[in-house]
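These figures come from a predicted structure and were not determined experimentally.
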Amino acid sequence: MALRAAVLRHVRVAVQTRGLKSNPWAPSGSIRLMSSHDDHLTKEEVAERVLSVIKSFPKVDPSRVTPEVHFQKDLGLDSLDSVEIVMALEEEFKLEIPDKEADKIDSCNLAIEYIHNHPLAS
């Protein structure tokens with residue numbers, strides 16, 4: 001998984017083609033712009049999906065879940081529950097969160113920020 005993540009960080013996807021009249025390097029007289037972040041999720045999309053994952057957690061009352069909620073203080077979850085939520089978020093967004101970072105995610109806000117800033121979140 002780590003190798004895959006390392007490779008994907010360097011993959012470039014064609015975005016668009018622009019015509020250049022005097023480009024000696026392009027046989028057709030055009031240049032291709034590349035980017036690997038065009039399909040990045042918006043913060044609103046991330047927030048909606050994070051809240052959905054947390055609301056579906058068995059020990060959580062969905063009516064108490066907001067973007068500002070803290071897993072332990074507001075929802076009464078223990079540290080094992082927090083680990084399970086982070087694992088569910090990894091599955092939802094198809095990414096791997098290192099243990100050191102996962103230990104810091106103890107609220108919806110932190111989960112939203114981390115995932116929104118993660119380059120491989122999908």
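Taking the salt bridge (charged side-chain N to carboxylate O under 4.0 Å, His left out) definition, one finds that E84 meets it with nothing, sequence neighbours left out. In this structure K55 satisfies the side-chain contact (heavy atoms from CB on, under 4.5 Å) test together with P62, V65, sequence neighbours excluded. Applying the side-chain hydrogen bond (donor to acceptor under 3.5 Å, both in side chains) criterion to K59, with sequence neighbours excluded, gives D81. Applying the side-chain hydrogen bond (donor to acceptor under 3.5 Å, both in side chains) criterion to E45, with sequence neighbours excluded, gives T42. Shown here are the ring-ring contact (aromatic ring centres under 6.0 Å, His included) partners of F57, two or more places apart in sequence or in another chain: there are none. Under the rule for a side-chain contact (heavy atoms from CB on, under 4.5 Å), the partners of A102 that lie at least two apart in sequence or sit in another chain are V86, I97. Judged as a side-chain hydrogen bond (donor to acceptor under 3.5 Å, both in side chains), and not counting sequence neighbours, the contacts of E113 are K43. Listed by chain and residue number, nothing satisfies the side-chain contact (heavy atoms from CB on, under 4.5 Å) test with P58 (two or more places apart in sequence, or in another chain).
The list of side-chain hydrogen bond (donor to acceptor under 3.5 Å, both in side chains) pairs with a residue in residues 61-78, not counting sequence neighbours, reads D61-S63, H70-D106. Among residue pairs with one or both ends in residues 75-122, those qualifying as ring pair (Phe, Tyr, Trp, His ring centres under 6.0 Å) are H40-H116, Y114-H118; sequence neighbours excluded.
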**Request:** Walk me through it: do I54 and C108 pass the test side chain to side chain contact (heavy atoms under 4.5 Å, CB included)?
**Result:** CA-CA 8 Å; I54 295 169; C108 286; 3.2 Å; yes
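Note that the CE atom of M87 and the CD1 atom of I85 stand 12.0 Å from one another [nearest 0.5 Å]. Note that the CG atom of L51 and the CZ atom of R49 stand 12.0 Å from one another [nearest 0.5 Å].
Grouping Ile, Leu, Val, Met, Phe, Trp and Tyr by side-chain contacts under 4.5 Å, direct or through others, leaves L110 on its own. Here L80 sits alone; no ILVMFWY side chain lies under 4.5 Å from its own, so it joins no hydrophobic cluster.
When every heavy atom of L89 is checked against every heavy atom of A111, the shortest pair comes out as CD1-CB, 3.8 Å.
Residues V83 and I105 fall into different hydrophobic clusters, defined by Ile, Leu, Val, Met, Phe, Trp and Tyr side chains chained together at heavy-atom separations under 4.5 Å.
The closest side-chain heavy-atom distance from V60 to F71 is not below 4.5 Å.
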